[in-house]
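Structure first, then comments.
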Protein chains: 2
Amino acid sequence: MRAIQKSPRVIAREQTRPPGSLPGKAPKVTPKFSALAEDEPDAGLGLALGPLPGYLGYPLRRAQIAVFEDFMLAAGSVGLRPGQFSTLVVIGANPGSKQTDVASALGIQGTNFVAMINQLEERGLVERRVFDRRTYALHLTDDGRKLMEAGVALQEAQEASYEEILGPGGRQILLGLLARLTAGLDARKAGRR
Amino acid sequence: MRAIQKSPRVIAREQTRPPGSLPGKAPKVTPKFSALAEDEPDAGLGLALGPLPGYLGYPLRRAQIAVFEDFMLAAGSVGLRPGQFSTLVVIGANPGSKQTDVASALGIQGTNFVAMINQLEERGLVERRVFDRRTYALHLTDDGRKLMEAGVALQEAQEASYEEILGPGGRQILLGLLARLTAGLDARKAGRR
DNA sequence: TGATTGTATTATAGATCATAACAATTATAC
DNA sequence: GTATAATTGTTATGATCTATAATACAATCA
């Protein structure tokens, strides 16, 4: 509780609070006067999320987190994070590419991509070869290719399990809708520019 | 290019590289020995993404980023980030809730939720009232409610535009598939535990 | 009473992401 | 052919987001 530790910051916050609202005794009886949970499944434990589940951003975010966690549980055994895995896949599909191109294909800022390649190179998975005097050509090492292929195998299994969850064809429909949404939003953004 | 700046780190990396591959002078004549485009770098601009677009995690991530950017462009005018907006919505739907419950409803770790509430409280959008001596009850201030409602109005407009992009019913189907996927993965994770 | 659990907090560290500045190279314009 | 611009990779920095560990205190229960 905040009032306990009395750090300066805490004290400052307390001082700005109307005195009437910080009595030691609280009305424990207070019935969640909201109880607006009339339209929520809610299951007693969780709170009502209001309109959030109907706003695409929220379920998208939750699904993305869930899938990433799932990936980490499965592919964590090969020691790859999602971003690293996709980097290996793209380099594997385009050997000799420049850092700039790989980064932009993945939607990663070039400036942040440097650290990623550094890590992968230090782990002996990726090689920087000279392309011209200002450019590197990226290649997978043998270890990198092995790890990438192991990740692909794991990922294929994951996709099969997603198909189980989503029913026959559901996964394909989801992929199509996601691609359409991303393309539409990217186009809108490009139009604004 | 890395060989240019010669920071200690750079030198260290170069030293660990097989001598044959680190000539100080780049073989300008060397016909980009890469060009190994075993499968062509394709399409001039974008690189091949290999199997990535067929793996749910990747399009999910891209879509989530695109939607979040879209939200920031629209709701940025009211100065709310997605996480802050959803926090306001949940508090508004459940006035008097404990921090713990709001955080877990949103899937945010309690320890990270503290900073979020600090910010919202400092901006005068959220109030911490005493619930009992170790617990705070969260409420929206008048300003907080106004901002939340403004965000909801903006978000409703966004959803309409998503429906345009996804075609009639497409948005609803997408919502359903995302919810099913998240629920399925959460159940699987819970089962593993 | 003493041990356990609940609630909020701080500190810390890692990953992610964006911006700015910079160095060297290459490409282009005049 | 030289001056200028655009590319390419890098570093540095700061803001977010996230996860873990440790702490302080309160409430509950055997």
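Throughout, protein chains are lettered first and strands after them, A, B, ... in sequence-line order, and every chain is numbered starting at 1.
Look at CD on Glu69(A): it is 11 Å from P on dT18(D), rounded to the nearest Å. Across the protein-nucleic acid pair, Phe68(B) atom CZ and dT16(D) atom P stand 15 Å apart, rounded to whole Å. Ile108(B) has its CD1 atom 7 Å from the P atom of dT18(D), to the nearest Å. Here the C1' atom of nucleotide dT10(D) and the CZ atom of Phe113(A) are 14 Å apart, to the nearest Å. The distance from atom CG of Asn118(A) to atom P of dT8(D) is 19 Å, rounded to the nearest whole Å. One can place CE of Met116(B) at 16 Å from C1' of dT9(C), the figure rounded to the nearest angstrom. When rounded to the nearest whole Å, the span between CD of Gln109(A) and P of dT8(D) equals 15 Å. Remark: C1' of dA8(C) and CD of Gln99(B) are 6 Å apart, rounded to the nearest angstrom.
The distance from the CD1 atom of Ile91(B) to the CG atom of Leu47(A) is 10.0 Å, given to the nearest 0.5 Å.
When each of Ile117(A) and Asn112(B) is assigned the nucleotide of DNA chain D with its nearest heavy atom, Ile117(A) is the one assigned upstream, toward the 5' end. Place Gly110(A) and Ile65(A) on DNA chain D by their nearest nucleotides, and Gly110(A) ends up nearer the 5' end. Along DNA chain C, the nucleotide nearest to Arg81(A) and the one nearest to Thr111(A) differ in position, and the one closer to the 5' end is contacted by Arg81(A).
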What's touching nucleotides 3-7 of chain D from the protein side, N or O pairs under 3.5 Å?
residue, atom, partner, partner atom, Å
dT7(D), O2, Arg134(A), NH1, 2.6

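In terms of the ring pair (Phe, Tyr, Trp, His ring centres under 6.0 Å) criterion, Tyr58(B) has no residue partners (sequence neighbours excluded). Residues passing the salt bridge (charged side-chain N to carboxylate O under 4.0 Å, His left out) test with Glu69(B) are Lys189(A), sequence neighbours excluded. With sequence neighbours excluded, no residue forms a ring pair (Phe, Tyr, Trp, His ring centres under 6.0 Å) with Phe68(A).
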Distance-only check: which donor-acceptor pairs under 3.5 Å involve side-chain atoms of residues 180-187 of chain A, not counting sequence neighbours?
residue, atom, partner, partner atom, Å
Arg180(A), NH1, Ile165(B), O, 3.4
Thr182(A), OG1, Leu178(A), O, 2.9
Thr182(A), OG1, Ala63(B), N, 3.4

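Of the side-chain N and O atoms in Arg128(A), none sit less than 4.0 angstrom from OP1 or OP2 of dT8(D). Within the 4.0 Å cut-off from OP1 or OP2 of dA15(C), not a single side-chain nitrogen or oxygen of Gln84(A) is found. For Thr100(B) and dA8(C), the shortest distance from a side-chain N or O to OP1 or OP2 is below 4.0 Å.
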Phe71(A)/Tyr55(B) under ring pair (Phe, Tyr, Trp, His ring centres under 6.0 Å): CA gap, chis, key distance, verdict: CA-CA 11 Å; Phe71(A) 178 91; Tyr55(B) 295 159; 9.1 Å; no
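The side chain of Thr135(B) approaches dT7(C) more closely than any other nucleotide in the set dT26(C), dG9(D), dT7(C).
The stretch residues 168-179 of chain B participates, sequence neighbours left out, in these side-chain hydrogen bond (donor to acceptor under 3.5 Å, both in side chains) pairs: Glu159(B)-Arg171(B), Glu163(B)-Arg171(B).
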